[in-house]
Amino acid sequence: MPRERYDVVVVGSGGAGLRAAIAAADAGARVLVVTKGSLQHSGATASANFSYCAGFGYFGPDDTAAAYAEDIVASGLGFADPPLARRLAEGAGREADALEDYGVAWRRQEDGRHQLATFGGHRFPRAIHVGLRTGKVVMAALARAAAARGVATWEHALAVELLGDASGVCGVLVHDVASGELATVAAGAVVIATGGCVAMFALHTNPDELTGDGMALAYEAGAELVDMEFIQHYPTVFLAPAAARGLHYPTGRLLGFGGRLLNARGEEFFGRYEAGPIERATRDQVARAIALEVRAGGGTPGGGVWVDASAIPPERVRDVHFEAYFHDIGVCVEREPQEVTAAAHYALGGIRIDRDGRTGVPGLFAAGEVAGGVHGANRLTGSALPEVIVFGAAAGRAAAARAAATPPRPLPESRAARWVAGLRAPGGDAAISVAGETARLRAALAAGAGTLKSAEGLEAALATIADVEARLPALRARAAARRWNWEIVQCLELRAMLVAARLHCLAALERTESRGAHQRLDRPRRDDARWCRRIVLRRSEDGPRVEIAA
């Protein structure tokens with residue numbers, strides 16, 4: 001399936017990808033968006049329930065973008081990159097206005113000011129919204145704006161490899177799911193906007209397609225990755241009923257209204273592990289307390305704890321939750337305690353970028369959750385949406401400028417095409433299946449690289465990762481179909497997950513302290529004297545190279 005050349009190819013069609021495509025098109029570039037799902041339904045942005053944070057100055061001279069940036073840096077516990085935090089904070093308000101121009105009707109008060117909500121870690125109320133479906137509204141507006149600018153889209157297509165030479169990236173190898181064919185697309189610049197990697201965990205809050213594809217693409221192309229040890233776990237994710245498993249239960253405001261976090265014996269336990277009131281605790285504190293209580297024997301039969309909202313007036317519960325949706329799947333939060341646990345939620349690390357999304361590899365840009373350094377060891381609630389929009393816009397503009405200054409050149413030969421074609425070839429080992437190997441990887445990460453880690457657990461996870469990697473050459477797609485063969489997709493996703501999982505475990509093993517989203521049972525204290533330094537990973541002939549930046 002031959003494809004013509006584009007100025008800018010954007011890989012991923014979530015908020016970061018579509019905003020990058022719009023910005024590149026506005027700069028005069030001819031743009032193609034490659035997405036392995038379908039437009040508006042791919043990526044994590046559509047699942048963003050509520051808020052987009054920005055500093056609007058409503059609360060006096062101290063309520064500024066600079067104050068928002070300072071809050072991001074403080075939340076990052078020494079690892080939010082100040083220039084990136086400033087870029088996010090300074091651009092958030094401007095991009096909120098752009099989204100409004102695209103059709104996002106932010107809720108406003110009678111005086112015209114935005115309706116604002118308050119979250120922990122923010123000095124001022126900053127969260128604007130369109131009710132409990134902000135992400136879906138944002139995605140619909142971005143899709144309309146991209147279509148109006150003539151942005152081309154290629155749905156159900158996976159970027160398998162970035163093609164480049166000594167001068168940088170100049171194209172993409174793509175697997176088209178509908179035809180089963182491989183195709184190359186030439187480009188003046190490529191923007192990676194594929195989201196995070198938390199679907200490599202068995203229990204997570206993200207769409208299952210967030211398997212670290214973009215991180216693996218950039219790593220193989222020579223980009224640096226940073227902060228890969230920091231994966232935020234949402235503290236309260238449903239374990240039951242089955243229809244709700246993996247959905248996050250937004251307890252932050254409920255705990256402030258009088259909700260209680262209880263162990264299997266009906267005891268409140270948060271104070272045993274953390275100082276201060278639970279209603280003011282950060283996500284990492286609540287997740288850590290839950291994991292420690294379960295480890296101490298206070299967990300439910302399903303391996304979690306209980307959230308009891310029965311003492312809260314029903315109208316307050318309805319104000320916080322998707323009441324009709326929860327009831328449809330058999331959940332009644334007002335009357336019955338709910339069984340929850342912490343689950344992987346957001347990759348804080350990723351591809352190293354500058355303020356304009358440049359990666360250090362010429363012609364390659366990144367934006368959104370796939371990038372690292374913006375949030376550091378923790379993420380402020382409400383900062384994910386502005387991150388993907390602000391950095392999507394910056395990366396799109398910079399990619400268009402790169403493409404305009406870069407003449408076309410021939411595409412080099414692919415390294416990955418032979419392996420992909422081999423997934424349908426005769427031979428292989430019939431005892432090896434993609435479902436089985438994926439389950440092995442996820443079980444190893446759950447056991448050794450979850451909310452609480454140790455050297456022993458991480459080394460065991462790395463051993464499983466190495467074993468699964470060694471079995472990849474014998475892996476075959478059992479389904480014979482060429483068209484719409486989802487087993488091929490799963491094989492490609494497993495390959496990407498293995499890269500992301502290895503980088504996560506190596507960085508977590510290297511960081512011999514506990515900080516924010518990175519918690520080590522065998523190294524429980526924060527160690528600023530030794531560890532106010534960033535872990536950088538890059539590809540070498542001998543495998544991942546781990547470097548400690550000053």
Side-chain angles (χ1 to χ4, degrees), residues 8 10-12 14-24 26-27 29 52-55 64-76 78-99 168-169 188-196 214-215 218 221 223-227 230 347-377 379-380 383-406 534 536 538 549-550:
V8 175
V10 179
V11 183
L18 289 183
R19 186 64 187 93
I22 292 165
D26 283 345
Y52 175 112
C53 284
T64 62
Y68 184 16
E70 289 166 5
D71 289 350
I72 293 168
V73 171
S75 173
F79 284 87
D81 190 329
L84 299 184
R86 287 195 293 272
R87 165 67 92 179
L88 190 164
E90 291 164 1
R94 180 174 60 252
E95 287 299 323
D97 292 341
L99 288 172
V169 170
V190 175
V191 179
I192 300 294
T194 53
M215 294 174 182
E224 294 180 344
L225 284 87
V226 295
D227 300 345
F230 298 120
L348 297 166
I351 305 165
R352 194 175 201 174
I353 61 169
D354 69 5
R355 285 172 53 94
D356 293 314
R358 298 183 185 88
T359 67
V361 176
L364 182 62
F365 302 79
E369 190 179 348
V370 75
V374 178
H375 302 291
R379 178 175 68 79
L380 282 176
S383 291
L385 268 181
E387 176 197 8
V388 302
I389 301 301
V390 168
F391 285 97
R397 287 190 293 267
R402 159 77 185 189
T406 305
R534 174 160 274 142
V536 181
R538 68 176 78 202

Peer 1: Quick check: closest heavy atoms across A96 and Y52, and the distance to 0.1 Å?
Peer 2: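 For A96 versus Y52, the nearest heavy atoms are N-OH, 3.4 Å.
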
Peer 1: Mark yes or no for whether R87, through its side chain, and R355, through its backbone, hold a donor-acceptor pair below 3.5 Å.
Peer 2: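 Looks like yes, one N/O pair under 3.5 Å.
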
Peer 1: Backbone N or O of L88 within a donor-acceptor pair of the Y68 side chain at under 3.5 Å?
Peer 2: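 The answer is no, because no donor-acceptor pair under 3.5 Å joins these two groups.
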
Peer 1: What distance separates R402 CZ from D356 CG, expressed to the nearest 0.5 Å?
Peer 2: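 Here the interatomic distance stands at 14.0 Å.
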
Peer 1: What's the spacing between I353 CD1 and L225 CG if we round to 0.5 Å?
Peer 2: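 Rounded to the nearest 0.5 Å, the CD1-CG separation comes out at 11.5 Å.
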
Peer 1: Looking at every non-hydrogen atom in both residues, tell me the closest pair between A193 and V370 and how far apart they are.
Peer 2: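 Of all heavy-atom pairs spanning A193 and V370, the closest is CA-CG1, 4.3 Å.
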
Peer 1: Calculate, to the nearest 0.5 Å, the distance between atoms CD1 and CE belonging to I351 and M215 respectively.
Peer 2: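 Nearest 0.5 Å value for the CD1-CE distance: 7.0 Å.
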
Peer 1: F79 versus V226: any side-chain heavy-atom pair under 4.5 Å?
Peer 2: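 F79 vs V226: side chains apart.
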
Peer 1: What are the two closest heavy atoms between P386 and C53, and how far apart are they?
Peer 2: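 Where P386 meets C53 most closely, the heavy atoms are CG-O, 3.5 Å.
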
Peer 1: Calculate, to the nearest 0.5 Å, the distance between atoms CZ and CZ belonging to R352 and R358 respectively.
Peer 2: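 Going from CZ on R352 over to CZ on R358, the span is 15.5 Å.
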
Peer 1: Could you measure the distance from the CD1 atom of I192 to the CZ atom of F365? Nearest 0.5 Å is fine.
Peer 2: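 If I round to the nearest 0.5 Å, the distance is 11.5 Å.
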
Peer 1: If you take all heavy atoms of A400 and A29, which pair is closest and at what distance?
Peer 2: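 Result for this residue pair: CB-CB, 4.0 Å.
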
Peer 1: Using 4.0 Å as the upper bound for N to carboxylate O, is an ion pair formed by R534 and D227?
Peer 2: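 Salt bridge flag = yes for R534 with D227.
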
Peer 1: Would you compute the distance between atom OG1 of T359 and atom CG of D354 and round it to the nearest 0.5 angstrom?
Peer 2: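 If I round to the nearest 0.5 Å, the distance is 8.5 Å.
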
Peer 1: What are the two closest heavy atoms between I72 and A80, and how far apart are they?
Peer 2: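 Of all heavy-atom pairs spanning I72 and A80, the closest is O-CB, 3.7 Å.
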
Peer 1: Using a strict cut-off of less than 4.0 Å between a Lys/Arg side-chain nitrogen and an Asp/Glu carboxylate oxygen, indicate whether R19 and E95 qualify as a salt bridge.
Peer 2: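 Result for this pair is yes, salt bridge flagged.
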
Peer 1: Kindly give the heavy-atom pair with the smallest separation between V361 and V169, and that separation in Å.
Peer 2: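 The answer is CG1-CG2, 3.8 Å.
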
